[in-house]
Number of protein chains: 2
Amino acid sequence: MPPSADFPMLRLTKKADYGLMALKYLAEHPEATALSAKDIAEAYHIPAQLLAKILQRLAKVGIVKSHAGMNGGYSLLKDPRRVSAFEVIFAIDGPLFITSCFTHEGNCDLTNSCTIKEPLARVNETISNVLKNIHISDLVEEGRSRTVRELITIRTTSGQKVLAGEATGTN
Amino acid sequence: MPPSADFPMLRLTKKADYGLMALKYLAEHPEATALSAKDIAEAYHIPAQLLAKILQRLAKVGIVKSHAGMNGGYSLLKDPRRVSAFEVIFAIDGPLFITSCFTHEGNCDLTNSCTIKEPLARVNETISNVLKNIHISDLVEEGRSRTVRELITIRTTSGQKVLAGEATGTN
DNA sequence: AAGTATACGACTCCTGGAGTCCGACTTACA
DNA sequence: TGTAAGTCGGACTCCAGGAGTCGTATACTT
């Protein structure tokens, strides 16, 4: 079915990815007083200057602390178990909405179309809640154990229980 | 926090929106043998030609049937209660992945970064499952009753129960 | 045969993500 | 106290891809 582009759509921005990666790296190295954007960038092979800008944003909202000058860099300001993926993504990319025409108050230009988007707004909140339940400490633990895999479970009121991770067929 | 753009990020494409809207409209008018793309487009004030292309895609995967010629148009081919939002979005936009570097097999160019993305892949599957549990019949019912609101529930294994729709604070 | 609709490729427009560059400022250390 | 190494942050370029249009071929109804 993919026409030419291989897959994308509804994806997280790379910046958000990089931000989460950097925070994971910081959480994995609590002994260091400060890690430079360059160091982290090299560890993951991502552009250093871009990562620097991302970390600056995370510093602005108080997730990390910036240390200027020689041997400077960034360090975690908050407990990794208290920082959710949601706030990281929010800090970097701003509020995320699955629908295209929502303003902050949920306003819409089309009256008719809004009725369709109401259920999608629920999906949006569902996604938000899932992201709020994942913290960067979980990212660190993942790779050794599988804690996150069992962490999230979806149940419908119809009794259908779907463990996140088992797709029932991709079409 | 939003720099200049008001909000977006991680949103559904307009095409997918339009597709869901059109299907809802068709589901609301089961008496009509066929509704033209132009009619539907005018009802929602969306570009007719664009909607036509979307409906063509939906016709290709067998969700709707196209009737050429005079008084032609499109009609639902499947039971609205059997068509999930997931397959609609999939048909229009292709597979959706929250992470940026996933191929169909889940391949990645960076070895280190992949460890971070594993938990996000679970989030991705969670979203997919939520969308699979929403059908266009739900879109029709929404607006009169609130069935969808209570339809989706998220539970974490920690016992935390979060009803989709009550955000615990947007930051 | 005429009229109306779909079918679909090719095309343009333009937003916004991704990344770079550079100047200013800050700090550690010799 | 000067300098190297770092952050800070605006301005900039590049370009993929979403959004929408156009034109033509085709198919079907009356």
Side-chain angles (χ1 to χ4, degrees), chain A residues 2-19 21-22 32-42 44-61 64-75 77 89 92-94 96 99-101, chain B residues 2-19 21-22 32-42 44-61 64-75 77 89 92-94 96 99-101:
Chain A
S4 61
D6 256 340
F7 28 86
M9 226 54 40
L10 187 72
R11 66 160 186 273
L12 218 51
T13 60
K14 279 193 176 180
K15 292 179 185 177
D17 266 348
Y18 293 163
M21 289 159 63
T33 51
L35 293 171
S36 72
K38 196 183 156 207
D39 289 341
I40 304 173
E42 283 176 354
Y44 290 125
H45 306 101
I46 59 181
Q49 303 219 36
L50 182 57
L51 181 59
K53 310 202 72 161
I54 294 165
L55 286 167
Q56 285 162 28
R57 284 200 178 185
L58 294 179
K60 241 183 178 174
V61 297
V64 300
K65 188 183 187 329
S66 66
H67 305 262
M70 247 181 108
N71 299 323
Y74 298 88
S75 62
L77 197 56
I89 295 167
I92 295 173
D93 285 329
L96 49 92
T99 47
S100 46
C101 79
Chain B
S4 61
D6 256 340
F7 27 89
M9 226 52 41
L10 186 73
R11 66 163 184 273
L12 219 50
T13 61
K14 278 193 177 180
K15 292 179 185 176
D17 266 348
Y18 295 163
M21 289 159 63
T33 50
L35 292 171
S36 73
K38 196 183 157 207
D39 290 341
I40 305 173
E42 283 175 355
Y44 290 125
H45 306 102
I46 57 182
Q49 304 218 37
L50 182 56
L51 181 60
K53 309 198 70 162
I54 294 165
L55 286 167
Q56 284 161 28
R57 284 199 179 185
L58 294 179
K60 241 183 178 174
V61 298
V64 300
K65 189 181 186 328
S66 66
H67 305 264
M70 249 180 105
N71 299 323
Y74 297 88
S75 62
L77 196 56
I89 295 167
I92 296 173
D93 284 330
L96 50 91
T99 46
S100 47
C101 81

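Chain letters run A, B, ... following the sequence lines, proteins first and then strands; every chain starts at 1.
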In whole Å, what is the span from the [atom1] atom of [X] to the [atom2] atom of [N]?
X     : N      : atom1 : atom2 : result
A:L58 : D:dC8  : CG    : C1'   : 14 Å
A:L51 : C:dT20 : CG    : C1'   : 15 Å
A:K14 : D:dG17 : NZ    : P     : 10 Å
B:D17 : D:dG18 : CG    : P     : 14 Å
A:I40 : D:dG6  : CD1   : C1'   : 13 Å
B:L55 : C:dA5  : CG    : C1'   : 13 Å
B:Q49 : C:dC8  : CD    : P     : 15 Å
A:L50 : D:dC8  : CG    : P     : 15 Å

Restricting to side chain to side chain contact (heavy atoms under 4.5 Å, CB included), what partner residues turn up for [X], sequence neighbours left out?
X     : answer
A:A22 : A:I40, A:L51, A:L55
A:K53 : none
B:A52 : B:A37, B:Q56

So how far is it from [X] [atom1] to [Y] [atom2], rounded to the nearest 0.5 Å?
X     : Y     : atom1 : atom2 : answer
B:S36 : B:E42 : OG    : CD    : 7.5 Å
B:I54 : B:L50 : CD1   : CG    : 4.5 Å
B:H67 : B:L35 : NE2   : CG    : 9.5 Å
B:I46 : B:M21 : CD1   : CE    : 4.5 Å

query = Base, sugar-phosphate alone, or nothing: which one does B:A37 contact when heavy atoms must sit under 4.0 Å apart?
reply =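 If one applies the 4.0 Å heavy-atom cut-off, B:A37 turns out to touch the sugar-phosphate alone, with no base involved.
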task = Kindly indicate whether the side chain of B:Q49, heavy atoms from C-beta on, has any atom under 4.5 Å from the side chain of B:P47.
result =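 Side chain of B:Q49 against side chain of B:P47, heavy atoms only: no contact under 4.5 Å found.
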inquiry  = With a cut-off of less than 4.0 Å, is there a side-chain N or O of B:Y18 near OP1 or OP2 of D:dA19?
reply    = no
inquiry  = When you measure from the side-chain N and O atoms of B:S66 to the phosphate of C:dA7, is any distance below 4.0 Å, counting only OP1 and OP2?
reply    =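 Answer is yes, contact under 4.0 Å.
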task = Under the side chain to side chain donor-acceptor pair (under 3.5 Å) rule, collect the residues that match up with A:S66, sequence neighbours excluded.
result =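 Residues passing side chain to side chain donor-acceptor pair (under 3.5 Å) with A:S66: none at all.
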Check nucleotides 11-15 of chain D for protein N or O atoms closer than 3.5 Å to its own N or O atoms and list the pairs.
from, atom 1, to, atom 2, distance (Å)
D:dA11, N6, A:K53, NZ, 2.9

message = The side chain of A:Y74 is closest to which nucleotide in this list: D:dG18, C:dA5, D:dT7?
response = D:dT7
Atom pairs, protein N/O to nucleotides 23-30 of chain C N/O, distance under 3.5 Å:
from, atom 1, to, atom 2, distance (Å)
C:dT26, O2, A:G69, N, 3.4
C:dT27, O2, A:M70, N, 3.3

